[in-house]
Novice: 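Here it is, the structure in full.
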Amino acid sequence: EQDADYDAEAVFPSDVNLDLLNGVNYAKGCFVGQEVASRMRRRGSVRKRTLKVTAGDGALAKGAQIEADGLPLGDVMSVRDGEALAIIRIDRLAQADPAKIQCAGAPVEIVSASWFPTDALQPSET
């Protein structure tokens, strides 16, 4: 939810999966960021997606960085009951060893929803 999970000025519609949830109509209308969103779609250059992250021991905190082998993968946007929403760089996630993904030194697991298309996690070739 805007303002609770992320700041509107900090994300593009594709960062929060609005394009996958039919929240963006590319055929009509005008909205702030339309040109960038349309260009990202045409070029297949979506680099970030919002995914669920799970961890134990209170490792997740809003604003914390998720990384693998010291390389930043993304940032935690909101946390509830040991689960979080995080904006993740899918190109870096594709190269990361799942066993080495962590937040604040604790291991975490990045999970996509059952409705989430697997090809949305594939980095673009461009």
Side-chain angles (χ1 to χ4, degrees):
E1 187 172 315
Q2 184 174 323
D3 295 329
D5 295 321
Y6 60 90
D7 295 328
E9 305 85 28
V11 296
F12 290 110
S14 60
D15 293 347
V16 292
N17 305 326
L18 287 179
D19 57 331
L20 301 176
L21 296 167
N22 295 320
V24 177
N25 186 338
Y26 292 101
K28 69 170 211 136
C30 293
F31 56 90
V32 175
Q34 177 182 7
E35 292 177 14
V36 174
S38 178
R39 189 176 322 116
M40 289 169 74
R41 179 174 182 244
R42 281 194 324 271
R43 291 185 179 176
S45 61
V46 174
R47 291 191 180 139
K48 296 185 276 184
R49 291 286 183 191
T50 298
L51 298 169
K52 183 171 89 171
V53 179
T54 60
D57 302 331
L60 300 171
K62 185 173 182 168
Q65 190 171 75
I66 297 172
E67 49 186 46
D69 285 328
L71 184 66
L73 295 182
D75 298 310
V76 176
M77 304 306 288
S78 65
V79 181
R80 182 175 180 194
D81 300 330
E83 297 181 334
L85 293 177
I87 296 183
I88 303 292
R89 288 270 312 257
I90 58 173
D91 57 337
R92 292 181 182 171
L93 178 62
Q95 296 175 353
D97 178 354
K100 295 184 179 181
I101 299 175
Q102 57 184 343
C103 182
V108 297
E109 182 180 5
I110 297 175
V111 183
S112 61
S114 59
W115 55 264
F116 200 92
T118 55
D119 63 339
L121 290 176
Q122 302 303 316
S124 67
E125 301 283 326
T126 59

Novice: What residues, two or more places apart in sequence or in another chain, satisfy salt bridge (Lys or Arg N to Asp or Glu O under 4.0 Å) together with Arg89?
Specialist: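 With sequence neighbours excluded, Arg89 shows a salt bridge (Lys or Arg N to Asp or Glu O under 4.0 Å) to Asp91, given in chain and number order.
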
Novice: Would you give the length of the straight line joining atom CG of Leu51 to atom CD1 of Ile90, rounded to the nearest 0.5 angstrom?
Specialist: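 Rounded to the nearest 0.5 Å, the CG-CD1 separation comes to 8.5 Å.
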
Novice: Does the side chain of Leu85 come within less than 4.5 Å of Val53's, by heavy atoms?
Specialist: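 No, every pair of side-chain atoms sits at 4.5 Å or beyond.
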
Novice: I need the minimum non-hydrogen distance between Ala55 and Pro107, along with the two atoms involved.
Specialist: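 Between these two residues, the closest heavy atoms are CB-O, 3.8 Å.
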
Novice: In a table with atom names and distances, give each donor-acceptor pair under 3.5 Å that connects a side chain of residues 65-81 to protein atoms at least two apart or in another chain.
Specialist:
from	atom 1	to	atom 2	distance (Å)
Ser78	OG	Asp5	OD1	2.6

Novice: Under the salt bridge (Lys or Arg N to Asp or Glu O under 4.0 Å) test, which residues partner Glu109, sequence neighbours left out?
Specialist: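 For Glu109 there are no salt bridge (Lys or Arg N to Asp or Glu O under 4.0 Å) partners, ignoring immediate neighbours.
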
Novice: Using side-chain heavy atoms (C-beta onward) and a distance below 4.5 Å, is Lys52 in contact with Thr54?
Specialist: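 Result yes, sub-4.5 Å side-chain heavy-atom pair found.
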
Novice: Taking the side chain as every heavy atom from C-beta outward, state whether Val108 and Leu60 have any atom pair closer than 4.5 Å.
Specialist: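 Sidechains of Leu60 and Val108: in contact.
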
Novice: CD1/Ile88 to NZ/Lys48 distance, rounded to the nearest 0.5 angstrom?
Specialist: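 These two atoms lie 11.0 Å from each other.
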
Novice: Got a second to check how far Arg47's CZ is from Asp15's CG, nearest 0.5 Å?
Specialist: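 These two atoms lie 11.5 Å from each other.
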
